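All remarks here apply to the structure that follows.
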Number of protein chains: 2
Amino acid sequence: MSSSNIRRSMPLFSIGIVMQLTELSARQIRYYEEHQLITPMRTDGNRRLFSLNDIDRLLEIKDLLEQGVNLAGIKKLIIVNETEFVSNKPIQKSEEIRKDLSDGELRKLLKSELLHGGRHRTTLRQGDMSRFFH
Amino acid sequence: MSSSNIRRSMPLFSIGIVMQLTELSARQIRYYEEHQLITPMRTDGNRRLFSLNDIDRLLEIKDLLEQGVNLAGIKKLIIVNETEFVSNKPIQKSEEIRKDLSDGELRKLLKSELLHGGRHRTTLRQGDMSRFFH
DNA sequence: ATTGTATGTTAGGAAATGTAACATACAATT
DNA sequence: AATTGTATGTTACATTTCCTAACATACAAT
């Protein structure tokens, strides 16, 4: 893992700030955690602490939900995304990724994601927190 | 002000996190605020919220204190620093800066700062929070 | 010996966050 | 039409974190 990734996974933000940054309710954020879409750290006193990566993922989740993907689907997509990052060909094209990973129900999920609107952008690959820092 | 500076002045961090990041006590941080070395934002509920710039400044303060400069001196130095940033010659050499600003007791303060060890680095010009982000 | 500076410690209160339970809206299914 | 599942809202109560204010302390300077 690069030092940049270490920094991006540093637990820094309270849930209040994350609510503002993502425009999600505390209920939503906790619900997504409950379903293991994010796993923020905890303080000694059991308060959640979110990293930049967590916030990026929340923005991803929000985006996918708005496109009609349900939590189960998002979960799979996130795993895809992580696998992709761990692999040593991180710059392969999205078409190739889809070919690599389209088996079983995963294929259906990805297809439904593709069918939804022409909004292709960087949703799965990169969060939006970068805009907060240089 | 650049968009990057806007981001760096965004209030994001609770005092607990800032304590960890700076290794300062809450007492110290509040004391520095009391003496107007920092002015963190507040939530509606009156909790302090610190920006990256605030954290950088706290690291600056800590560094200068360790070099023997007192709060009054640090305050002056910080004003110098800000003036420098606002001016339209932000890349002028440190020697020139000193010439520009060495009048009255300020001269003495800067001198004492210079006398202290050969640690010249970037103390006054740039904080260390950049290491937390890319 | 006194004063000033920087920080520690404690007390009491308020805000933010935690979990848990129940409510609701809506889509999908039977 | 009734039921089930999903995502979220709301409320209640407990705990943690943070607030201010006051007093204590160590040390340097006067």
Side-chain angles (χ1 to χ4, degrees), chain A residues 11-51 54-55 57-78 105 108-109 112 115-116, chain B residues 11-50 54-55 57-78 105 108-109 112 116:
Chain A
L12 293 174
F13 305 99
S14 64
I15 199 171
I17 291 295
V18 176
M19 289 171 63
Q20 292 180 220
L21 255 29
T22 60
E23 296 181 282
L24 292 167
S25 68
R27 182 69 169 92
Q28 288 175 299
I29 295 169
R30 295 189 190 115
Y31 186 69
Y32 304 153
E33 182 190 19
E34 188 183 338
H35 290 265
Q36 300 166 36
L37 300 181
I38 49 170
T39 51
M41 290 291 115
R42 300 283 183 136
T43 66
D44 293 342
N46 201 36
R47 266 76 214 284
R48 271 167 267 253
L49 277 186
F50 299 82
S51 69
D54 289 327
I55 295 174
R57 176 164 294 182
L58 285 170
L59 292 171
E60 245 183 75
I61 293 167
K62 186 181 183 185
D63 192 75
L64 289 170
L65 277 170
E66 282 165 4
Q67 292 177 60
V69 185
N70 65 13
L71 289 200
I74 294 171
K75 197 166 179 176
K76 303 259 185 192
L77 286 165
I78 282 173
E105 69 176 343
K108 283 191 293 181
L109 286 162
S112 93
L115 287 175
H116 249 284
Chain B
L12 292 174
F13 306 99
S14 65
I15 199 171
I17 291 295
V18 175
M19 289 171 63
Q20 292 179 220
L21 256 29
T22 61
E23 295 181 282
L24 292 167
S25 68
R27 183 70 169 90
Q28 288 174 300
I29 295 169
R30 295 189 190 117
Y31 186 70
Y32 304 153
E33 181 189 19
E34 188 182 338
H35 289 265
Q36 298 165 35
L37 299 181
I38 49 170
T39 51
M41 288 293 115
R42 300 284 182 135
T43 66
D44 293 343
N46 202 36
R47 265 76 208 286
R48 271 168 267 254
L49 277 186
F50 299 82
D54 290 326
I55 295 174
R57 176 164 296 182
L58 285 170
L59 292 171
E60 245 183 74
I61 293 167
K62 186 180 184 185
D63 191 74
L64 288 170
L65 277 171
E66 282 164 5
Q67 292 178 58
V69 184
N70 66 11
L71 290 200
I74 293 171
K75 195 166 180 176
K76 304 259 185 191
L77 287 165
I78 282 173
E105 69 177 343
K108 282 191 293 181
L109 286 163
S112 92
H116 248 285

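Within every chain, numbering begins at 1; the chains are lettered A, B, ... in the order of the sequence lines, protein sequences first and strands thereafter. Remember, it's a predicted structure, so these values are computed and weren't measured experimentally.
No donor-acceptor contact under 3.5 Å links the side chain of B/Arg47 to the base of D/dC19.
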field: Footprint string (nucleotides 23-29 of chain C, 5' to 3'): B base within contact, S backbone only, - free, heavy atoms under 4.0 Å
entry: -------
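When the nucleotides C/dA6, D/dT17, C/dT19 are ranked by their closest atom to the side chain of B/Asn70, C/dA6 comes out on top.
At a threshold of 4.0 angstrom between heavy atoms, the contacts of B/Arg30 include nucleobase atoms, whether or not backbone atoms are also involved.
OP1 and OP2 of C/dA16 both lie 4.0 Å or more from every side-chain N or O belonging to A/Ser14. The phosphate of D/dT20 has OP1 or OP2 within less than 4.0 Å of a side-chain N or O from B/Arg48.
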Detail all sub-3.5 Å separations between protein N/O atoms and N/O atoms belonging to nucleotides 10-12 of chain C.
none

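In the region residues 31-46 of chain A, proximity to DNA chain C at under 4.0 angstrom, judged on heavy atoms, holds for A/Arg42, A/Asn46.
Here C/dT5 presents its C1' atom at 12 Å from CD1 of B/Ile74, a figure rounded to the nearest Å.
In terms of position on DNA chain C, the residue among B/Leu71 and A/Ala26 whose nearest nucleotide sits closer to the 5' end is B/Leu71.
In terms of the side-chain contact (heavy atoms from CB on, under 4.5 Å) criterion, residue partners of A/Pro40 (sequence neighbours excluded) are, by chain and number, A/Glu33, A/Ile38, A/Arg48, A/Phe50, A/Asp54.
Remark on the helix from C/dA1-D/dT30 to C/dT30-D/dA1: inter-end axis angle 10°, axes from five-pair C1' superpositions, rounded to 10°.
Counting only residues at least two apart or in different chains, side-chain hydrogen bond (donor to acceptor under 3.5 Å, both in side chains) contacts with residues 13-25 of chain B comprise B/Ser25-B/Gln28.
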